[in-house]
Amino acid sequence: RAWPAEKKIEKLGIYSSCKADENCKCNGWKNPNPPSNPPKPDAPGQVSSLDDPCRGCEHKLKDHVSHLETVGNEELDRLLGIVVDVENLFMCVHKEEDSDTKQVYFYLFKLLRKCILQLSKPEVEGPLGKPPYEKPSIAKGVTNFVLHKFTHLPPKEWQMMYDLAKMFLHCLNHWKLETPSTRKQYMSQEELAAYKVNYTRWLCFCHVPAFCDSLPHFDTTLIFGRTFLKSVFQTMRKQLLDKFKAEKDKMPPEKRTLVLTHFPRFLTLLEEEIYSVNSPIWDPNFTGKTPAHVLAAVQAQAAADPTGSQIAPASGKKRQLEDDTSNQPDMKRRRSEDENLDEAVAEIVAEIENSKQGAQSMFPEHAPRDEAAKVEEKKGLLEFHCIANSLTEKVSRQTMLWLIALQNVFSHQLPRMPKEYITRLVFDPKHKNLALVKNGKPIGGICFRMFAAQGFSEIVFCAVTSNEQVKGYGTHLMNHLKDFHIKNGIHHFLTFADEFAVGYFKKQGFSKDLKLPKSVYGGYIKEYEGATLMGCELNPKIVYVEFTAVVRKQKEILKKLVERRQAEIRKVHAGLTCFRDGITEVPVESIPGILETGYTPPQSKATRSSEERVDPEILYNTLKTILQSCKTYQYSWPFQSPVDRKAVPDYYDHIKFPMDFKTMTDRLKANYYVNKRLFVADMKRMVSNCKAYNSPDTEYYNCATNLEKFFNNKLRDHNLA
């Protein structure tokens, strides 16, 4: 964009055919004096004249670009974007070895060149058709699957399954498909022909547009449906699980458990629905039952947003849900409770506001870090300005002075960073700077570069001058930066933090567990030796400069609600007088108020099962026989002895209560199993440990399943089931 118009015309002339003569076959202007070392795209060298002849056809440059004479600067920038994509596709054509893929790359290459000549927008035409290609889409089918299979689960487990579904869809959107030639060995001709069509559609509308911005881009999960998913699921599942296993040592413990234990089970259940003939999730009219906690959240959002701008639940028909629930007494009672709660919250908010009008300390108890900075900003003592240098527009004197001051702050606070490097980035037009200005002088700031097309920004420098630190300025500065990016539609930060900055970035919500795949930021950000790559995902619903105040007010409201509730239910009962009459003990449940607390009287000892009255010697011999049979069973080899810590270092990080046949044998000899329940519990624990640590497609998981069936049969044989 910073190039002069003449340079842009020259670049487009390279891809414009000659129009001087109908008989001229030259397909692009060729510089008669090409530089020996071509300059970088962002550093243009000598500009050619419109009268310079073409090295190929000897016609002038203006004969090649005559169709661009009336084109505006904005349109020239769009055409230059297509030129960048043409050059990328040219490299892809030459590097690609697969003939089918190369053919698609070449088709798109010719399409974009044609758009430069005709000043048109690229549009893929022909037998491929227009997306979407199947309904319901994969995204809709997977959402239906979660509603169909997991509605009965508690909120926490349902949320986990919902997160796994999002992870699966995200992986599929960024998955690189196998070429049709690699599938010839295990697909019929009919299946291969259908796969080839979908593969071509995927290349044209999903894969290539990911790195060619001039082409319209679609998510794989939104334009394809069940047929496409059937053709790729088995291969994708295997590659995904292999990838997660290979990277498990790099994952935090929570994520490792999620992807190695829960995700394989999720995929197994999803596979059944994909290949099942009668699965309801692929019905275009599917209306799943939305979980109660999700409905409650939607209703709470509706109450908080009377304009009705909130998003409706992703399940079936909202009108039908309202009709179904309006007749239920539970819903009426809930609605009444919600109304009472709203009234109580309104009263408490008014009470809190009134109390603030009286005498109070300068800052509230346990005030957040940025409280003082927010007060100074309200008084006009602090200002925040987003500034940047420019090569195309005049930069004000004030902006240049602030940029120089920021360069001094960064140089002083980051002594290990070369001053020349800091200067180059601060004054680079591609970088922006959020300046913290106090008394007309910048005392801190953040230098960053926005990659809008990739959906993230890189934070390069972040510093506050030393005599103004520990005042909450850094936190307030970062909150302003977050709000600025949300307004501009960017929801991810990346930064390389040194050992002194990791703590600060953690407090600002950054984590080493990145939410962006490497394919999104690879090759875009600058890497620093000895630094830690950290990321932060922004929530567009949060106003970050007000976040701490909102949370503090919510805590106050909850505290007041608890106090009110305690005042309602707190009762003082009269003391027991029966002991004066000589009674020495009473049942616990007869004490006034005990049953109201939810206390349940314990069962009588007489209600215990007769299993505890089994003769100890008979029980010992029976359990010994069953245990010996299980130990000699063909699928029992993984369970003979405890898991070796050296062979499987992370096993005991996941399994807190290990069990094996050697331990069970020792317990049997020590008469630990005084009843069959203890014996069965240890066997079940051994099997469940194996299934929790290993994925369903492993040999260990298969052994555990077979051993469990064998053990249950043995219990039935000995009348212990």
Quick one: are [X] and [Y] in side-chain contact, heavy atoms under 4.5 Å?
X	Y	answer
Phe266	Phe150	yes
Lys121	Pro216	no
Glu271	Phe233	yes
Pro280	His148	yes
Cys212	Leu108	no
Pro264	Leu267	no
Leu164	Val146	no
Glu273	Asn144	no

Worked check of side chain to side chain contact (heavy atoms under 4.5 Å, CB included) between Thr227 and Tyr133: CA-CA 10 Å; Thr227 305; Tyr133 296 109; over 6 Å; no
Chi angles and distances behind the side chain to side chain contact (heavy atoms under 4.5 Å, CB included) call for Arg237, Thr268: CA-CA 9 Å; Arg237 171 185 174 164; Thr268 300; 3.2 Å; yes
Can you establish whether the number of heavy atoms outside [X] located under 6.0 Å from its atom [atom1] is more than 12?
X	atom1	value
Tyr275	OH	yes
Phe106	CZ	no
Lys245	NZ	yes
Gln103	CD	no
Lys255	NZ	no
Phe451	CZ	yes
Lys230	NZ	yes

In Å and rounded to the nearest 0.5 Å, what is the [atom1] to [atom2] distance from [X] to [Y]?
X	Y	atom1	atom2	result
Phe263	Leu270	CZ	CG	9.0 Å
Tyr199	Arg183	OH	CZ	11.0 Å
Cys447	Ile387	SG	CD1	10.0 Å
Leu516	Ile525	CG	CD1	9.5 Å
Leu169	His174	CG	NE2	11.5 Å

Ring centers of His485, Phe448 separated by less than 6.0 Å: yes
Aromatic ring proximity, centroids under 6.0 angstrom, Phe224 and Phe205: no
Chi angles and distances behind the salt bridge (Lys or Arg N to Asp or Glu O under 4.0 Å) call for Lys130, Glu123: CA-CA 10 Å; Lys130 301 292 182 184; Glu123 187 173 356; 3.1 Å; yes
Aromatic ring pairing Tyr544/Phe547, orientation class (parallel under 30°, perpendicular over 60°, tilted between): tilted
Ring geometry between Trp158 and Tyr162 (parallel below 30°, tilted from 30 to 60°, perpendicular above 60°): parallel
Pair Asp100-Thr179, side-chain donor/acceptor within less than 3.5 Å: no
Any side-chain donor near an acceptor of the partner, Arg226 and Ser279, under 3.5 Å: no
Criterion side chain to side chain contact (heavy atoms under 4.5 Å, CB included) on Val208 and Leu215, from CA distance to verdict: CA-CA 8 Å; Val208 176; Leu215 291 168; 3.8 Å; yes
Closest heavy-atom contact between [X] and [Y]?
X	Y	result
Asn539	Ile486	O-CD1, 3.5 Å
Leu128	Cys204	CD1-SG, 3.9 Å
Leu79	Cys115	CD2-O, 4.2 Å

Lys432/Ser457 under side chain to side chain contact (heavy atoms under 4.5 Å, CB included): CA gap, chis, key distance, verdict: CA-CA 10 Å; Lys432 288 182 171 60; Ser457 278; over 6 Å; no
Verdict with reasoning, Phe90 to His94, per ring-ring contact (aromatic ring centres under 6.0 Å, His included): CA-CA 7 Å; Phe90 181 80; His94 283 269; 4.4 Å; yes
